[in-house]
Structure formats: C-alpha cells, structure tokens
Number of protein chains: 2
Amino acid sequence: MFSAGHHRILSALTRLGPMSRTDLARHLDLSKASVSTFVRDLIGRGVLRELELVFGQGRPSVMLGLCSDAASFVGISLHADPATVVLADPHGRVLARRVLPREADPERCFEALAAAVAAVRQEAGVEAGETAGIGVAQPGFVSRDRRICLASAALGWVDVDVAGRLSALTGLPVFIENDANALILGEQLFGPSGDCPDFSLVFVGDGIGSAHIVNGRLHRGHHGGAGELSHSPIAFDSQNALPCRCGNRGCLETVSSLQAIRGAARRAGLPADIATLATLAADGNPEALAILHRAGSALGIALAQLVQMFDPSQVVLMLDPALKESVFGIVLRQEMDNHVLRRSGVKTALILRGSEHETFATGAASLAAQHYLFGSNCT
Amino acid sequence: MFSAGHHRILSALTRLGPMSRTDLARHLDLSKASVSTFVRDLIGRGVLRELELVFGQGRPSVMLGLCSDAASFVGISLHADPATVVLADPHGRVLARRVLPREADPERCFEALAAAVAAVRQEAGVEAGETAGIGVAQPGFVSRDRRICLASAALGWVDVDVAGRLSALTGLPVFIENDANALILGEQLFGPSGDCPDFSLVFVGDGIGSAHIVNGRLHRGHHGGAGELSHSPIAFDSQNALPCRCGNRGCLETVSSLQAIRGAARRAGLPADIATLATLAADGNPEALAILHRAGSALGIALAQLVQMFDPSQVVLMLDPALKESVFGIVLRQEMDNHVLRRSGVKTALILRGSEHETFATGAASLAAQHYLFGSNCT
DNA sequence: GGAATTGGTTTATCAATCGAAATAAGACAC
DNA sequence: GTGTCTTATTTCGATTGATAAACCAATTCC
C-alpha cells in the first residue's frame, strides 16, 4: 500500500510533529523533489493534509500533518485485570474506550475482547478513520513473529495464538507485544520522547517492567527478554533477602514492586495499601519509612546500573503517584545519583510519570499504528 | 567509490565468509541479477575473486571471496603501554606488526606512531594491497564524529585531535574509537561472532571494559559511554568496599580488575603477580583463594546483570589465561549461572578467550576496514 | 543419453531519487 | 508602490538500483 518513501515521511511527521516539505527533505536526507511527489500522493490519499503557514524570510512554508481520520487503531492491554480496550487516532488520541474483566480462558477472553473492539469502533463512528489493525500488550514472552504468546505467568497462558484467534474474530490484522515493549513503543511513536534514539522506560506495578530503545529501535535481545530489570540481583547479600518467583533471592522485584511493598507492610503489621503507607511514612512512621526507603533505594541502584549499561538520554519511570511524592521517590533519585558515574557533568534525565492504566492500551495501539505508518520493516 | 549495493555484498562476504552469488542474493534479499552485476564490477576492480567450485545437485556454485590484497588496514592500539601497530588484510590477518613505547606527549606519540605505520607498510610490501586507512583504539571517551579524544585518564589526554594529526602525518584517513568498542567491532567484522546481531564483549585488564552489539550495530549510548560495566555498584554494601577512581565505592573495578586483584594481594602480603597468585590459590592458599573468589564472584554477578539487561546471544570474555583456569573462572561461571534468570532452558553462552594484546590492534584495524568495506553509513 | 536441478546472465522495464531550472509567495529596502 | 532578496515548492529530464522473466550453462541422477 505505502512504499518505503511514504513510510519514512509518515514516520517523521508522527514522531517529530508537523513540518514543511523542506524540513522533511532535510530530516530524511531526501531531495525536495522526492518529498514533493510523495507528499502530493499522501495528500491525495487523505492521509496527510496541509496545516497552517509559517512565515519566515522568504516564501512561507506549509506545515504538513497527519489527518486524524486517516486511520484508527485498536489497542488492547492485558497488562492487568481488568483489561482495557481503546480506539486511537494516528496521533495517539483515544477516541473510545472499554474496560472489561480479563478472562483466564483464552477463547472466552478473545470473544469478550472482540465484542469490546466492535463496541469502541462503533462508538467512535465515522469520525474515526478506517480501523487499520489491533495491537495487544500482554505480560510475558511473545514469539519472534509477534503472533503467539509463548508463556505468560500472569495470564496462565502457554503457546496461545493470540494474533491468529483475534484476527479471525475481528477480521483485522493483530500485532502482539510484551507489555513493557508496547509501552515504550507507544512512548516512541506518540510521546514526547519520539526523537530520542536511546532511552529507557521502567514501570513499577505489581511487578517491575522495563524496555529500551537503542539506536532508535526496540532492543528485544536474543531470547526476546532484554531489559529485564526486575530480576536484577540487588539485595542478594542482605541477610533478609527474600526468595523471588524466578527461583533466585534478592531480586529487585522482591523489594521494590508494589506487591513487595505491600507484603513488607503486611509483615510489619501496617496497612497494605500504597497510598496509606505513603501517608504513614510522611507522618514519620518508622516502619513505613523503612519499607519505602528500602524499596526506593533498591530501585535507585537498579536504575543507576541501567544508566551505566545503556547510557540512555533519558529514563522514563512510571510510578504510582503516591510513591512519586514519598520517601521512595526522594531516596530513589539520591541513590541513583550516587551510583551513576557522572561523566563530563551530563546527567541522564529521570522523568517520573504517573502510571495510568490506559497508557498500556495506547502503547498497544501504537503497534498497529507502526505497521500502518512504517510498514513491516520496523522490527 | 563503492555504492550501497557494493557495500552490502562486501559486508556479507566479510562477516559470513565466502559464498556464491545465489547465496548472496538469498542473504541480502536481492535479485540474482543485481548480485551478478555488482559482483562482476567488484571482480573487475580486483576486490573480489572467484574461489573454488562447490558441487551439489545442479550446476556447481562459484564461491566468492575478498582478495586479500584488495586493500590493507593499519590498526593502532593505545590500550596499554607499549602501544601496538599492525597492518591487517581484509580478512583481519596481521601482515606486519610493531610494538613501541606509548609516549605521553600527543605530538611525539603521533610522530612515533606515524613512523611505525610507515614501517609496517614497508615490511608488508607489495603483497599487501593499497592501505585504505588507519584505525585507532584508545582508552577513554571519543567525540561523536570519532576524530577527537575528548578525555582519556590513562593517556592523560584531553581534547586531542588524534584523527586530524595522524592523518596529517600519514596522509591516510584515520578513525578512532574507544578500546572496548574497537575490540567488539573487530570481533564482529573478523571474528566468529560476526553473524550474531546481539552479543557483548567484556575484557578484564588493568581496568574492566565492555561493549555491546545490539540489533547488529554497536551500542554507543547517548553520551558515548554505554556498556560501562566497570563501575557497576557490586560490592557497595560490604563493609570493606573500596573507593573507586570514579568517586563511588564498591565498583566492580575495585574488586575484579587486574589492578584490584594485585592490590588485594599486596595488602595480604602475597606476591602481586596474577600467575603466581593463581598458582598459590591452586595450591590451597586461603588468602589467594579468597581474593580470586571475591573477584570472580563479583564479575559473575556483573555478567549476570549484563545478561539480564542485554539478553545477548553470547558474551565474549577476554581474560588473562592464568585467571581463566583458576578459582576465578570457576566461581565466575557459577555465580553467573546462579543470578541469571533461566528462561525456557536457553542459556546464554559465555565464551572465555585469552586476552592478547594484538587483538586491540586488529580491532582498531577493523575500524578502517569497516569504512572501506561498508562506507560511512556504519555508525 | 536425456531429464532434472541448480547457478548465473541477459534484456526490457519499473520505480525511486536527484540536480537544476522554473515558479510561487512572501519580506524588505527604498 | 516597486523592485530585489529570500525561501518554499514544483516541474522536468536523467540516472541509478533493482526486478522479473526468459535464457544459457554445468553439473548429477537415472
């Protein structure tokens, strides 16, 4: 449908925002002639449109942008229960959403999801463009061709043909991806970090997930399990290192995940609720402080290691808002700063974000958007 | 000189070894027609030549290989004192070598190096092809355009225009690179790991260096300092964490580098020589055992973290042969296995290599070879 | 001695891209 | 106002990269 030239132009406009034909030629290292013909074609197809004029010295430049009704993309997050289904436009704006219980049985889950997909498409109506595809973000491992869920402990699935079944039920192309990877791809496509060729994303939920963009591309690793921060051996030589579900002891996940924090609170006889715990700590409760301190410190060290190893231009950390403001957040930064070898005064930016559930779904939608905008050559 | 098509063919033949035109077409996803024309051209230029026939079912295929006299490449290693200068052919074979003291003063250093370059070129004589360029491997940070040494603690250099000066003295194009990066690029181009899109390399010398190939390309990171394993906070909460030259305490380098091991030996009243220490440990000396155990264990944990984060298909570890066979090597593997989360039974291969000084120089030569073979689009 | 099989070349053709010239649309000086 | 300057965009051949399909070549297999 689109050629490589088309894809490059769409890619630049999506990631870097509206720009003129001449800007595009500069950015993509193409001749103005080529850009002109491609753009004419894309405008003719209703994918691009001319925006406002920008006045400078000579002739004003015509900014170009994606038509928001050029296409729409379904994003499904199975990251947590309940699952989320959204319909997004080419800018990553959510046009409609559904929240539904995450069924354990694959087939029933797919049926429920297919119904939700139909619902969001109907709700968005003609405003939205043709639906181009479905992206699915799910915890666990995904096959190399991104069609099959190889293993997901959280879902209890093994070798489930997610793409095949969902595609059969909806008639749309389906692309699946690990939840952390979907999140960072969404950030790259729709978020403000799109132009960074090297950045990392970490989220603290029940578990801890992470993903990395290296040289502008997602780093999947040889076994498809790159960037696993959660089983970093952080507290391995402490006397109270806890066993982890991975079989080792002292993994980051056993200290800094929400589950770990809640568990530690329970064991200390405190309420196992993050917000309450944060309030207690703010009021000076020593046990609450100790728990959050330990969790934040461990995560800070792990982030320092991440920065040392990957040297990203920035790290996006998605965090429960309550944690963000507590000792956790403060100690985290301190410990990270302590353990990062400062080179030439440059400090890697740590960007704290509140973790919203829908972010996973828009990340998932970005998978479908990627295929629409960039073709299949975006590994 | 060469076009993108040429470069792709040369790249495949260098990295993957000799193959037929049809193999090339398959590998590069090109039509047989295109391959044919490119190959004809390259043979005409004396870069490629037809090797033996391989007989199968139908018509036998003509294997193609690089002419070893197509070009030659100078490699300079400033990794340690003395410096090494080699002349290598397109297969990475060393045609001539010189070892010379590493001068502290940049200008005198360059003059000595230029003389050595002339010497190796003369020694190799007409057997070797036209010298295509010079690669320099040096400890420390290198500018983004790979021409200037921004800072090197080991050399005591700050903002030295290595490429400019050496180029002026020799009349050849010069490409510089961090020592670890040069090493892994050499491994990728000339070594047996060329076809792995994701692998890591770590070397234990006076310091500890590491580099990573991700998605088939060198991972430099945003500040050009990616993959720094040596300042991983490994022993940070031990009571005897040593201060590191980076300003922190308990870095991997303070425990597992050769310097650290020698230091620990001296403090324990043992001979500060790695080989002797290894022998002592083999004979059951408890202090020697403890030092090597601690060093190996720390490196093992760091490698486990590396594997968790990068998920490479293999890790190449370059080590002093004496260490390889000692407790160090054994504990290293154990600790690494303990801390790597095994997924689906696949184990990341750890390849131990004896570290030879010349390897850095051939790695440096590969920088020039890359530019000759693949053009400048190989960031 | 054919038939089958695989490797490599020729030819006509398509599509991407470029450079340079032409055209458009403003700002700016006077 | 008017002409000049600057920058944006389009038009127009020309070039290059790559292809498919047909063809020729060199073997093995039966």
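Each chain gets a letter, A, B and so on, in the order its sequence line appears, and its residues count up from 1.
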Rounding to a whole Å, what distance do you find between [X]:[atom1] and [N]:[atom2]?
X: B/Phe55; N: C/dA4; atom1: CZ; atom2: P; value: 23 Å
X: B/Asp41; N: C/dG8; atom1: CG; atom2: P; value: 17 Å
X: A/Met19; N: D/dT9; atom1: CE; atom2: C1'; value: 17 Å
X: A/Met63; N: D/dA8; atom1: CE; atom2: C1'; value: 12 Å
X: B/His6; N: D/dG17; atom1: NE2; atom2: P; value: 8 Å
X: B/Arg8; N: D/dT16; atom1: CZ; atom2: C1'; value: 16 Å
X: A/Glu52; N: C/dG26; atom1: CD; atom2: P; value: 15 Å
X: A/His7; N: C/dA15; atom1: NE2; atom2: P; value: 16 Å

Hey, does the side chain of [X] reach the backbone of [Y] with a donor-acceptor pair shorter than 3.5 angstrom?
X: B/Arg8; Y: B/Leu28; answer: yes
X: A/Ser72; Y: A/Gly129; answer: yes
X: A/Arg146; Y: A/Arg144; answer: yes

Between the side chains of [X] and [Y], does any donor sit under 3.5 Å from an acceptor?
X: B/Ser34; Y: B/Ser31; value: yes
X: A/Asp41; Y: A/His6; value: yes
X: A/Ser200; Y: A/His212; value: yes

Any side-chain N or O of [X] less than 4.0 Å from the OP1 or OP2 oxygen of [N]?
X: B/Arg21; N: C/dT9; answer: yes
X: B/Ser20; N: C/dG7; answer: no
X: A/Ser61; N: D/dT7; answer: no

Subject >> Aromatic ring proximity A/Phe2/A/Phe374, centre distance under 6.0 Å >> reply: no

Subject >> Any residue of residues 25-39 of chain A with a heavy atom less than 4.0 Å from an atom of DNA chain D >> reply: A/Lys32, A/Ala33, A/Ser36

Original post:
Closest to the A/Arg59 side chain: D/dT10, C/dA24, C/dG7?
Top reply: C/dA24

Subject >> Along DNA chain D (nearest heavy atom to each residue), the more 5'-positioned of A/Gln57 and A/Arg40 >> reply: A/Gln57

